[in-house]
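For reference, the structure is listed below as structure tokens.
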Amino acid sequence: MAAAPEAAGPAAGPAEPNHGLRILLIWLPLALIADLVIWFVWGPHLPPGDMSTSAAGQQFAIRVMAVMAAPVVLFVLTYSGYAMVTWRTRDGDEEDGPPIEGNTRVQVSWIAITAVLVLSLFVFGLVELSAPAGAGAGAGPSPLWKPGGKPLVVQVIAQQWLFTYRYPQYGGFETTELMLPVGQAIQFNVTSLDVIHSFWAYQLAVKADANPQVNNVAYTTAQHTGEVTLRCAELCGLWHGAMFDYGHVVSVAAFQAWAQATRAKMAKITRTLPAYATVYHPNEIKGLAKFYYEAGLPGAGGGYYGPQYYPNQP
């Protein structure tokens, strides 16, 4: 007599799809497209532009960080969207769902990938701050990196509420105009006569604090001619918001002509200036503003120059 067949077990449900592979196949092309768009389309238009070596260095740093951040952001968005579509609660489903269990492989992968990203950005940041491209920030009186050759030294003297610029290689004249030659390394020596200011030349991507009795050095090389927006980036008093001006990057020939003409024009003022130094004590020179006013280069009241020589200015 044939044996009775065994009772059939419960029917097996459909196999669970490989969700990880699905997410990867959605995320990977999106991340690749985003990085290509950031680097080749958006990247060349990122601030602060490429007017100088320091500006190009900052733009490059922003492009690198954006390229590294975009895949991370897209992965979070892709996973969130996939989860809401695939694992959402359906009508009539009253179950809590299967318990969440740890996945060692996912945890280790996440820690390893994020650690590599963070450490890579750490090393990249250190290199960019000390390499020739630089970040435009002031490096103090003893920078780690110095350009080769002999840079043009421009001293930036901040006070409430204007910047003046001294050119020690052209007789030490001081003026309220910032003129720079294209293609030549520039060494900004930044200091202050009164309170803490911050010299920010936006298109050059140079930003250096101006502290009293401190010399803060910043390097750059202008790669294109044009106008430069100059602002104080540190709250320095009542007229902080009005402490801005415009500088110019011009051809070498135009700069030489301007420097020689300004040197002659400012000869009377230059003779009254203290000897060139990296820092100055406030109120060393009394009445200097009178000469600036007569020379057609008025400054601001207070500090170095004194407000008494500006009867027609607030």
Side-chain angles (χ1 to χ4, degrees), residues 20-21 23-83 102-148 185-188 190 198-209 211 216-223 229 231 233-234:
L21 181 60
I23 294 172
L24 177 66
L25 293 177
I26 296 172
W27 164 78
L28 191 59
L30 291 176
L32 180 60
I33 293 171
D35 277 350
L36 290 174
V37 170
I38 288 172
W39 189 264
F40 293 105
V41 180
W42 188 33
H45 304 287
L46 286 171
D50 61 353
M51 189 174 183
S52 70
T53 51
S54 52
Q58 280 192 22
Q59 187 185 78
F60 173 74
I62 295 172
R63 290 168 79 175
V64 169
M65 290 187 288
V67 164
M68 295 181 72
V72 178
V73 173
L74 284 171
F75 179 80
V76 173
L77 295 176
T78 300
Y79 183 87
S80 300
Y82 185 89
N103 189 314
T104 303
R105 184 172 58 181
V106 171
Q107 292 171 335
V108 171
S109 299
W110 181 259
I111 293 173
I113 292 171
T114 54
V116 169
L117 287 174
V118 172
L119 291 175
S120 298
L121 287 172
F122 171 75
V123 174
F124 177 77
L126 289 179
V127 172
E128 283 295 296
L129 284 172
S130 59
S142 302
L144 294 176
W145 173 87
K146 297 181 180 180
I186 308 296
Q187 175 181 324
F188 288 108
V190 184
S198 185
F199 173 68
W200 184 20
Y202 175 76
Q203 286 80 2
L204 299 179
V206 171
K207 186 174 181 293
D209 287 343
N211 297 325
N216 203 1
V217 179
Y219 296 108
T220 194
T221 300
Q223 300 181 127
T229 304
R231 293 186 179 276
E234 184 71 32

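- Two residues are said to be in side-chain contact when any heavy atoms from C-beta on lie closer than 4.5 Å; V217 and V190 fail this criterion.
- When atom types are taken as modelled, the side chain of S52 and the backbone of T221 share no donor-acceptor pair closer than 3.5 angstrom.
- Taking each heavy atom of V206 and A218 in turn, the nearest pair found is CG1-CB, 4.0 Å.
- Using modelled atom types, one side-chain atom of N216 and one backbone atom of D209 make a donor-acceptor pair closer than 3.5 Å.
- To the nearest 0.5 Å, atoms OG (S54) and CD (Q59) are separated by 11.5 Å.
- Around atom OH of Y79, no more than 12 heavy atoms belonging to other residues, nucleotides or ligands sit under 6.0 Å away.
- Partners of L117 according to the side chain to side chain contact (heavy atoms under 4.5 Å, CB included) rule, which considers only residues two or more places apart in sequence or in another chain, are M68, V72, I113.
- If you take CZ on R231 and NZ on K207, they are separated by 13.0 Å, rounding to the nearest 0.5 Å.
- With ring centers used as reference points, Y219 lies 6.0 Å or more from F188.
- Distance check, rounded to the nearest 0.5 Å: CD of Q203 to CG of D50 gives 11.5 Å.
- In terms of the side chain to side chain contact (heavy atoms under 4.5 Å, CB included) criterion, residue partners of V67 (sequence neighbours excluded) are, by chain and number, D35, I38, W39.
- Proximity of P44 to R63: side-chain heavy atoms (C-beta onward) are separated by under 4.5 Å at one or more points.
- For the residue pair A34 and L74, the shortest heavy atom distance occurs at CB-CD1, 3.6 Å.
- In this structure, the separation between CZ on F75 and CH2 on W110 is 6.0 Å, given to the nearest 0.5 Å.
- Heavy-atom minimum distance, M65 versus L121: CG-CD2, 3.8 Å.
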Please set out all donor-acceptor pairs under 3.5 angstrom arising from side-chain atoms of residues 25-32, sequence neighbours excluded.
from, atom 1, to, atom 2, distance (Å)
W27, NE1, P71, O, 2.9

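- Residues P48 and Y202 come closest through the heavy atom pair CB-O, 3.6 Å.
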